[in-house]
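A short worksheet on the structure shown next.
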2 protein chains.
Amino acid sequence: MGKKSEITRQKIMDAAYRLFIEKGYDGLRMQELADRAGVNKGLLHHYFRSKQALFNSIFTRSVDELFGRIIDTAGEEKTLEARLHGIVDVYFDTLLDNPQLPVFVFFELNRNPQQVLAYFGLERLRLLVNNLSANGREIPIRQALHMVVSMVSLCVFPFMARPVILQFMKNQADFSRFIEERRPLVKSLLSHMLLTL
Amino acid sequence: MGKKSEITRQKIMDAAYRLFIEKGYDGLRMQELADRAGVNKGLLHHYFRSKQALFNSIFTRSVDELFGRIIDTAGEEKTLEARLHGIVDVYFDTLLDNPQLPVFVFFELNRNPQQVLAYFGLERLRLLVNNLSANGREIPIRQALHMVVSMVSLCVFPFMARPVILQFMKNQADFSRFIEERRPLVKSLLSHMLLTL
DNA sequence: GTCTATAAGTAGATAGAC
DNA sequence: GTCTATCTACTTATAGAC
């Protein structure tokens, strides 16, 4: 493969990533994608066999972005509380740059739940819960699941509700400030949860 | 209008409600909707001018279902804590019956944020926050916004993540049990939040 | 590698018979 | 009120020139 082909491929991937996340699978038109990527429509099929094939690679990347880094953070050599606080920071940093990511991933997962198994790999998810419970030595596995759900809820949902929250504010900068205010708030809540387990 | 026309109209609305929520606006095909409703495709356009018009009435109903009842609960003549706990119960009860509702609403709001203003009425949302802060007598308005976001996050997100959470369980009944376990957990968290304001 | 042209199928919407 | 048939536009995907 030449260098130019890799560049074109990347231009398509970048545009597809942004457009799929914005519009979902059914909402994206191949022509619009070609325009946005600055390439010819025929090239989309030359580099990726079909719309579905292109979507699959984008979706894999999206799920990885949404879950991958927090799984790593959950496995670090730190106290449980420090790891939880670390995950909060990772989430807020990632999602401030990419606020539409979660609603896209969960909508597509809801539309086609089989994709969970195919692209995500259930094992990595179990790893996340296990990393927090440390095989039951720190907290029981069932409690760890509740903890993970609460943590992800508090971190991720505000971004999914962004269009609504924005109605209470003047602009995007206000939203960012609101999120920054939540950072210590969520950490404190999670610390309290740890005490009550 | 005759009685039969009302029945047909209702059959269409019911099928559209389920299908739009399952597939989103772009994913729904009018033919599939006609099949599911047990009516002819032409009738869809006879009763509702267009797909968009049909969607609009479904979306209004969906937003109302997701926010309407909690706004009422927030305004009841009770202590702030009792109202918060009441909202948790309303959410869990509603969403156990209709788990796909939130991801649909937030996906469509994200796709077309103008719909917030058009169909929801920003005023009712402000009312919710105001009801909780009671015009600043109970808690400041900014804190009330954080409280509402935290509460809705903890109640709604687990349903949006249902396809993922289900991977940790055997069946739908297990998921319902998991949600029931969360009911006191979330209430206790919210009570703690009230103390720290 | 990139483009144009077009195939093949399907979408929403409408007209008109019954 | 309900159905069949059909129109027009647009969709993904491909074939083949350059």
Side-chain angles (χ1 to χ4, degrees), chain A residues 1-60 62 104 107-108 111-112 114-115 118, chain B residues 1-62 104 107-108 111-112 114-115 118-119:
Chain A
M1 274 199 210
K3 194 172 177 185
K4 195 168 185 184
S5 74
E6 270 311 305
I7 291 175
T8 303
R9 195 184 181 83
Q10 198 56 47
K11 279 201 297 183
I12 294 172
M13 283 279 277
D14 289 345
Y17 181 74
R18 275 176 288 130
L19 279 178
F20 268 128
I21 285 181
E22 188 185 325
K23 313 201 157 207
Y25 179 84
D26 293 316
L28 177 103
R29 297 290 99 115
M30 296 295 265
Q31 182 61 61
E32 189 183 2
L33 172 56
D35 295 344
R36 187 78 80 88
V39 304
N40 187 277
K41 189 160 74 88
L43 284 187
L44 302 184
H45 291 89
H46 178 256
Y47 284 95
F48 303 87
R49 198 188 311 267
S50 63
K51 181 182 181 181
Q52 184 65 51
L54 180 51
F55 174 82
N56 289 350
S57 65
I58 295 297
F59 189 71
T60 306
S62 301
F104 164 69
F107 177 80
E108 296 296 342
R111 224 176 42 92
N112 183 8
Q114 291 89 311
Q115 289 181 126
Chain B
M1 274 198 213
K3 193 171 179 184
K4 196 168 184 184
S5 73
E6 271 311 306
I7 291 174
T8 304
R9 195 183 182 83
Q10 199 56 46
K11 278 201 297 183
I12 294 172
M13 284 279 277
D14 289 346
Y17 182 74
R18 275 175 288 131
L19 278 178
F20 268 128
I21 285 181
E22 188 185 325
K23 313 202 156 206
Y25 179 83
D26 292 316
L28 177 102
R29 298 290 102 115
M30 295 296 266
Q31 183 60 60
E32 189 183 2
L33 171 56
D35 295 344
R36 187 78 79 90
V39 305
N40 188 276
K41 188 160 75 92
L43 283 187
L44 302 183
H45 291 89
H46 178 256
Y47 283 96
F48 303 87
R49 198 189 310 269
S50 63
K51 181 182 180 181
Q52 185 65 51
L54 180 52
F55 174 82
N56 289 349
S57 64
I58 295 297
F59 189 71
T60 306
R61 174 176 152 189
S62 300
F104 164 70
F107 178 80
E108 296 296 342
R111 224 175 42 93
N112 183 7
Q114 292 90 311
Q115 290 181 123
Y119 299 114

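Sequence lines set the chain letters: A, B, ... in the order given, protein chains first and strands last, and positions in each chain run from 1.
- Here C/dG1 presents its C1' atom at 13 Å from CD of A/E6, a figure rounded to the nearest Å.
- Taking atom CG on B/L54 and atom P on C/dA11, their separation rounds to 16 Å, with Å as the unit.
- Within residues 16-40 of chain B, the residues having any heavy atom closer than 4.0 Å to DNA chain C are, in order of number, B/L28, B/R29, B/M30.
- Considering only side-chain atoms of B/S5, the nucleotide from D/dA13, C/dC3, D/dG1 that sits closest is D/dG1.
- With rounding to whole Å, B/K4 atom NZ is found 8 Å from D/dT2 atom C1'.
- Screening residues 31-53 of chain B for ring-ring contact (aromatic ring centres under 6.0 Å, His included), with sequence neighbours left out, gives no hits.
- Put simply, CZ on B/R49 is 9 Å from P on C/dT14, counting in whole angstrom units.
- Taking only side-chain nitrogens and oxygens, B/H45 comes nearer than 4.0 Å to OP1 or OP2 of C/dA13.
- The salt bridge (charged side-chain N to carboxylate O under 4.0 Å, His left out) contacts involving residues 16-28 of chain B comprise B/E22-B/R36, B/K23-B/E32, B/D26-B/R111, where partners must be two or more places apart or lie in separate chains.
- For the side-chain hydrogen bond (donor to acceptor under 3.5 Å, both in side chains) test, no residue two or more places apart in sequence or in another chain qualifies with B/N40.
- Rounding to the nearest 0.5 Å gives a distance of 11.5 Å between CD1 of B/I21 and CG of B/L28.
- Each of A/H46 and A/K41 was matched to the nucleotide of DNA chain C holding its nearest heavy atom; the match closer to the 5' end belongs to A/H46.
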Under 3.5 Å, N/O pairs linking protein and nucleotides 15-18 of chain C:
none

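- Taking 4.5 Å as the limit, every side-chain heavy atom of B/E108 sits out of range of all side-chain heavy atoms of B/N112.
- Each of D/dA13, C/dA13, D/dG1 was ranked by its minimum atom distance to the side chain of B/Y47; first place goes to D/dG1.
- Between the CG atom of B/L43 and the P atom of C/dG12 there is a distance of 16 Å, rounded to whole Å.
- Pairs of residues two or more places apart, or lying in two chains, never qualify as salt bridge (charged side-chain N to carboxylate O under 4.0 Å, His left out) while including a residue from residues 39-57 of chain B.
- Here A/T8 reaches the OP1 or OP2 of C/dT2: one of its side-chain N or O atoms lies under 4.0 Å away.
- We find the CG-OG distance between B/N56 and B/S50 to be 7.5 Å, quoted to the nearest 0.5 Å.
- Residues that satisfy the ring pair (Phe, Tyr, Trp, His ring centres under 6.0 Å) test with B/F55, not counting sequence neighbours, are B/F20, B/Y25, B/F59.
- The nearest whole Å value for the distance from the NZ atom in A/K51 to the P atom in D/dC10 is 16 Å.
- Taken to the nearest 0.5 Å, the CG atom of B/D14 stands 8.0 Å off from the CD1 atom of B/I58.
- Atom P of nucleotide D/dT4 and atom CG of B/L44 are separated by 13 Å, given to the nearest angstrom.
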